[in-house]
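Only one structure is covered here, and it is reproduced in the block below.
Keep in mind the model is a prediction, meaning the values are calculated, not measured. Every chain is numbered from 1 and lettered A, B, ... according to where its sequence line falls, protein lines coming before strand lines.
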Protein chains: 2
Amino acid sequence: MKVSETAPVEPAWHAGPTMCSERLLLEHITSRWGVLILIALLGRPYRFGELRRAIGRVTEKMLTQTLQTLERDGLVRRDAKPVIPPHVDYSLTDLGREAAEQIRALARWTEERMPAVEKARGGYDAGRA
Amino acid sequence: MKVSETAPVEPAWHAGPTMCSERLLLEHITSRWGVLILIALLGRPYRFGELRRAIGRVTEKMLTQTLQTLERDGLVRRDAKPVIPPHVDYSLTDLGREAAEQIRALARWTEERMPAVEKARGGYDAGRA
DNA sequence: CAGCATCCCCGCAGATACTG
DNA sequence: CAGTATCTGCGGGGATGCTG
């Protein structure tokens with residue numbers, strides 16, 4: 001889908017067993033843990049365990065998985081220092097910083113507009129009861 | 001999570017059986033069909049079937065479901081005219097327009113940066129083979 | 001410390017059929 | 001035309017255990 005044109009929406013941008021790569025990238029960025037990782041790294045680089053504690057309630061598996069996905073997309077840089085015990089730093093690439101800033105803006109927007117949304121939800125639910 | 005502060009990331013913003021409402025809102029906006037609906041409606045109002053055809057490959061169920069979610073969040077306005085056959089118009093609220101513009105910006109960003117991302121993916125995959 | 005390998009569950013998307 | 005209702009699968013994500 002060329003979102004540069006507003007409408008009509010070109011099909012096949014999105015779904016199916018073969019989801020297109022743009023849609024996949026968007027999926028990665030806006031994913032549950034992707035959002036939090038990007039925003040955290042916008043502050044400063046983090047080590048693995050440190051990031052885990054900072055985010056909270058994320059399993060090692062999901063953190064690893066998401067970090068790998070973001071690294072593969074070129075958004076996160078993985079810097080493994082060959083020492084014992086292992087020391088791995090994660091930081092944003094320039095590309096990642098761009099993405100992170102956009103997603104942070106969106107996250108902030110949801111915070112700002114949450115009262116309005118909550119009100120709308122209340123009204124909607126009331127109209128059905 | 002207060003994303004206004006960059007780090008550390010406050011836990012419990014996100015996951016669990018009880019996902020917080022901000023996170024839910026973000027989920028709705030960035031969802032598979034949510035993105036496409038918002039972007040389409042940014043162009044002009046649509047009728048149900050018209051929207052269905054414009055987006056393509058979306059089942060009635062998912063379109064209905066996503067529209068209801070977005071309506072409940074106060075992003076989409078549903079205008080049902082009491083005629084036979086039924087005639088229902090969907091359009092963006094002011095809140096919805098704000099969200100849609102942000103998501104369109106993000107979608108456009110993914111398009112612009114896709115070459116760089118593809119390149120990064122190639123490099124990453126090459127390094128493992 | 002920073003992962004990888006497995007198992008397992010339930011939630012959401014798709015398919016299908018029906019209705020005001 | 002614009003939905004609702006029900007069934008089913010499959011895979012994302014959590015829990016747990018192991019490793020260099």
Taking side chain as C-beta onward, heavy atoms only, is A/Ile39 less than 4.5 Å from A/Ile103? yes
Please state how far atom CZ in A/Phe48 lies from atom P in D/dT19, giving the value in whole angstrom units. 18 Å
Going by salt bridge (Lys or Arg N to Asp or Glu O under 4.0 Å), name the residues that satisfy it together with A/Glu50, two or more places apart in sequence or in a different chain. A/Arg44
From NE2 of A/His28 over to C1' of D/dG12, roughly how many Å is that when rounded to an integer? 12 Å
For D/dG14, does either OP1 or OP2 sit under 4.0 Å from a side-chain N or O belonging to A/Trp33? yes
Nearest-Å distance, OH (B/Tyr46) to P (D/dC1)? 17 Å
Send over the distance from B/Arg57 CZ to C/dA13 C1', rounded to a whole Å. 16 Å
Sequence neighbours left out, what passes side-chain contact (heavy atoms from CB on, under 4.5 Å) with B/Arg52? Give chain and number order. B/Phe48, B/Val58, B/Glu60, B/Leu63
Residues of residues 61-93 of chain A with a heavy atom under 4.0 Å from any atom of DNA chain D, listed by number, are A/Lys61, A/Met62, A/Pro86
Who are the side-chain contact (heavy atoms from CB on, under 4.5 Å) partners of B/Thr66, not counting sequence neighbours? B/Ser31, B/Trp33, B/Ile37, B/Met62, B/Leu70
Find the distance B/Arg32:CZ to D/dG12:C1' and express it as a whole number of Å. 13 Å
For A/Glu60 and D/dA15, give me the distance from atom CD to atom C1', rounded to whole Å. 11 Å
Taking only residues at least two apart or on different chains, which pairs with a member in residues 87-96 of chain A satisfy salt bridge (Lys or Arg N to Asp or Glu O under 4.0 Å)? A/Lys81-A/Asp89
Can you check the A/Arg23 CZ to C/dA13 C1' distance for me, whole Å? 14 Å
Which nucleotide sits closest to the side chain of B/Thr59: D/dG14, C/dG3, C/dG14? C/dG14
When you compare the side chain of B/Trp109 with that of A/Leu95, does any pair of heavy atoms fall below 4.5 Å? yes
Nearest-angstrom distance from the residue atom CG of B/Leu51 to P of D/dG3: 11 Å
Under the rule for side chain to side chain donor-acceptor pair (under 3.5 Å), what residues qualify as partners of A/Glu118, not counting sequence neighbours? B/Ser21
Enter the inter-axis angle for the ends of the helix from C/dC1-D/dG20 to C/dG20-D/dC1 (five pairs per end, rounded to 10°). 50°
Enumerate donor-acceptor pairs with a distance under 3.5 Å from any side-chain N or O in residues 119-129 of chain A to protein atoms, sequence neighbours excluded.
{"unit_1": "A/Arg121", "atom_1": "NE", "unit_2": "B/Asp73", "atom_2": "OD1", "d": "2.6"}
{"unit_1": "A/Arg121", "atom_1": "NH2", "unit_2": "B/Asp73", "atom_2": "OD1", "d": "3.1"}
{"unit_1": "A/Asp125", "atom_1": "OD1", "unit_2": "B/Arg72", "atom_2": "NH1", "d": "2.7"}
{"unit_1": "A/Asp125", "atom_1": "OD2", "unit_2": "B/Arg72", "atom_2": "NH1", "d": "2.4"}

So, is B/Arg47 close to the D/dA2 phosphate, meaning a side-chain N or O under 4.0 Å from OP1 or OP2? yes
Can you list everything that forms a side-chain contact (heavy atoms from CB on, under 4.5 Å) with B/Ala80? Sequence neighbours excluded, please. B/Arg78, B/Val88
How is A/Arg52 classified with respect to the nucleic acid when contacts are heavy atoms under 4.0 Å: base, sugar-phosphate, or nothing? nothing
